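All figures in this text were calculated on a predicted structure; none of them were measured in a lab. Hydrogens, waters and symmetry mates play no part in the numbers below; they use all other heavy atoms, side chains included. Start at 1 with the first residue, then count along the sequence.
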Amino acid sequence: QDAPVKVFDDEFRNYVWVEDIVAVILKLAADFPAKAPPHRLLHCGGPEALTRVDMANFVLAAKGYMPTYAEPDGSELPRLVPMPRSSVNLGYESPLCIRFKSARVEEYLGRPFRRVADCIKESVDRI
């Protein structure tokens, strides 16, 4: 049944597609122990800072869903209802914006991390 979904719109993260993380792990494993990683710390953040609303919209678009749905009475309601994460008490401190620069790990991998929107489009049959 259709129902609006509340999604945080003020919390930014650099989402990384899991297959990109797996590629880094496989390269690290293949290189070890003959070749040590070039850095002791490799930040793995995607190329864009996105909100959960952004992520949900990518999935809606990839799946071909309309941004609204019709109620039995014919009225249209939004599928996504943006809400501020800052209005929710998580019980612990959590910054609204976390962004990582991944130049070192991308250099090590030999390619940039992919945009999550592109990965969702490519993987729509699996989500």
Working for side chain to side chain contact (heavy atoms under 4.5 Å, CB included), residues L28 and Y108: CA-CA 9 Å; L28 287 165; Y108 176 68; 3.5 Å; yes

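Residue E19 places its CD atom among more than 12 non-hydrogen atoms of other residues, nucleotides or ligands, all under 6.0 Å distant. Atom CZ of R104 is surrounded by 12 or fewer heavy atoms from other residues, nucleotides or ligands within 6.0 Å.
The nearest pair of heavy atoms linking D20 to L109 is O-CD2, 4.5 Å. Listed here is the closest heavy atom pair of P47 and F113: CG-O, 3.8 Å. The heavy-atom pair separating D10 from S86 by the smallest distance is OD2-OG, 3.0 Å. Contact record, N14 with A49: ND2-N, 3.9 Å, taken as the closest heavy-atom pair.
A heavy-atom distance below 4.5 Å is found between the side chains of R114 and E122.
If you take CE on M83 and CD on E11, they are separated by 11.0 Å, rounding to the nearest 0.5 Å. The structure places SG of C44 at 9.0 Å from CD of E106, a figure rounded to the nearest 0.5 Å.
Residues forming a side chain to side chain donor-acceptor pair (under 3.5 Å) with K63 (at least two apart in sequence, or on another chain): none.
Side-chain contact of Y15 with D54: a donor-acceptor pair under 3.5 Å is absent, judged by distance alone.
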